[in-house]
**Q** 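What follows is a structure written as structure tokens; I'll ask about it next.
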Amino acid sequence: MKRFLSVLCFLLSTVLYAQELKIRSIQIDGLKTTKEATVLRELNFYIGDQITIQELNSLLEENKSNLLNQWLFNFVDFIPIIKGGEVDIILKVTERWYVWPYPIFEISERNFNVFWDSLQHSNFQDFSRLNYGIFINWYNFRGRNELLKIKYRKGYKEHYLFEYDIPYLNQEKTWGVIFKTELFRMKKFQYLTDNHLLLYTIPGENLFKEHKLSLAFQYKPGIHSTHKIEIEGSKMSTQYPVENPAFFLSNSLNFQYAS
């Protein structure tokens with residue numbers, strides 16, 4: 001009798017796990033900044049899909065990982081509510097802090113020893129080899145999983161950066177674009193190595209400049225696949241010629257390339 005009941009329970013559980021459920025609704029709780037369409041794009045199930053009870057738990061765990069990898073939420077929790085042959089899925093999320101500023105304070109030398117030696121030689125008065133500024137990463141910009149980067153760095157090697165990452169442009173949310181522009185400026189730079197010593201130019205305003213501009217297109221047909229192609233152009237220039245014909249080609253005052 002016990003064996004019969006055990007077999008019966010096993011058969012019933014097998015039938016129940018094989019029962020197909022229809023996803024009737026998807027409800028998202030906890031959104032303050034993020035758009036609902038942005039969250040739905042990162043799920044690999046939709047309203048109206050058919051799924052068995054056996055597949056339900058693994059599906060929700062997989063989608064929990066997908067959402068946690070998007071830098072959108074600190075916590076993600078799926079709650080399925082089964083009613084007859086249908087299931088309502090409640091998604092509860094806790095959003096992250098999206099604006100992250102980073103202070104910049106760094107030395108612009110090959111290593112600290114070189115920086116310390118040059119500082120000693122100047123009697124601890126020349127701090128021109130320092131860089132300082134701020135770098136801001138704004139995740140989930142506009143609540144659409146966009147990324148905005150702004151960098152403002154002054155000092156020995158100035159660096160100004162603006163990058164805007166838009167993951168979804170079209171209504172199907174498969175095409176995106178990344179725009180980035182950078183500018184580097186230096187009042188003095190090394191142009192030659194002589195007897196293991198670096199030779200530097202005489203300081204001057206905006207003596208060396210490098211401007212980079214790039215545009216990338218990305219195609220994301222599914223959750224786990226992304227294709228990207230990027231076009232980048234760079235131009236370097238100096239105001240005065242240096243005593244090194246190999247610094248730029250043919251004693252030119254500028255050099256540019258594309259990739």
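No experiment lies behind these values; they were computed from the predicted model shown.
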**Q** So, Glu106 and Arg153, do they make that salt bridge, N to O below 4.0 Å?
**A**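 Yes.
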
**Q** Does the salt bridge (Lys or Arg N to Asp or Glu O under 4.0 Å) test come out yes or no for Lys220 and Glu172, once each step is laid out?
**A** CA-CA 10 Å; Lys220 187 176 181 180; Glu172 292 76 17; over 6 Å; no

**Q** For His211 and Ser237, does a side-chain donor sit closer than 3.5 Å to a side-chain acceptor?
**A**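 No, because no side-chain N or O of His211 sits under 3.5 Å from a partner of the opposite role on Ser237.
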
**Q** Under a 4.0 Å threshold between the charged nitrogen and the carboxylate oxygen, would Glu86 count as salt-bridged to Arg24?
**A**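 Yes, charged N to carboxylate O under 4.0 Å.
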
**Q** Determine whether the side chains of Glu62 and Asn44 contain a donor N or O and an acceptor N or O closer than 3.5 Å.
**A**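 Glu62 vs Asn44: donor-acceptor pair found between side chains.
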
**Q** Just by distance, with hydrogens left out, do Ser234 and Gln256 show a side-chain donor and acceptor under 3.5 Å apart?
**A**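 No, no side-chain donor-acceptor pair sits under 3.5 Å.
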
**Q** Is a donor on one side and an acceptor on the other found under 3.5 Å between the side chain of Asn170 and the backbone of Thr174?
**A**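 A pair under 3.5 Å: yes.
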
**Q** Quick check on the hydrophobic clustering: are Ile223 and Leu68 connected, directly or via other members, by side-chain heavy-atom contacts under 4.5 Å?
**A**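 The answer is no; the residues belong to distinct hydrophobic clusters.
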
**Q** Report yes or no: does Asn111 contribute a side-chain atom to a donor-acceptor pair with the main-chain N or O of Val114 at less than 3.5 Å?
**A**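 Yes; at least one donor-acceptor contact below 3.5 Å.
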
**Q** Does the ring-ring contact (aromatic ring centres under 6.0 Å, His included) test come out yes or no for Phe162 and Tyr152, once each step is laid out?
**A** CA-CA 9 Å; Phe162 177 83; Tyr152 180 84; over 10 Å; no

**Q** Under the side chain to side chain contact (heavy atoms under 4.5 Å, CB included) test against Asn131, which residue among Lys154, Lys157, Glu158, His159 passes?
**A**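 Testing Asn131 for a side chain to side chain contact (heavy atoms under 4.5 Å, CB included) against Lys154, Lys157, Glu158, His159 leaves exactly one candidate, Lys157.
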
**Q** Can you see whether Glu146 engages Asn140 through a side-chain donor-acceptor pair at a distance of less than 3.5 angstrom?
**A**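 The answer is no; no qualifying pair exists.
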
**Q** Distance-only, no hydrogens or angles: does the Glu95 side chain make a donor-acceptor pair with backbone N or O of Thr33 under 3.5 Å?
**A**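 Indeed, once roles are kept as given, a pair shorter than 3.5 Å links the two residues.
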
**Q** Using every non-hydrogen atom in the two residues, find where Tyr98 and Leu72 come nearest and quote the distance to one decimal.
**A**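 What the structure gives for the nearest pair is OH-O, 2.6 Å.
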
**Q** Do Lys180 and Glu182 come close enough that some side-chain heavy atom pair is under 4.5 Å?
**A**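 In contact.
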
**Q** So do Phe78 and Leu43 actually touch side chain to side chain, heavy atoms under 4.5 Å?
**A**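 Contact flag for Leu43/Phe78 side chains = yes.
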
**Q** Go through the side-chain N and O atoms of Asn145 and Thr38 and say whether any donor and acceptor fall under 3.5 Å apart.
**A**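 Distance-only check fails for Asn145 and Thr38.
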
**Q** For Arg185, does its backbone N or O pair with a side-chain atom of Tyr160 as donor and acceptor, under 3.5 Å?
**A**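 Not confirmed, Tyr160 side chain does not pair with Arg185 backbone.
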
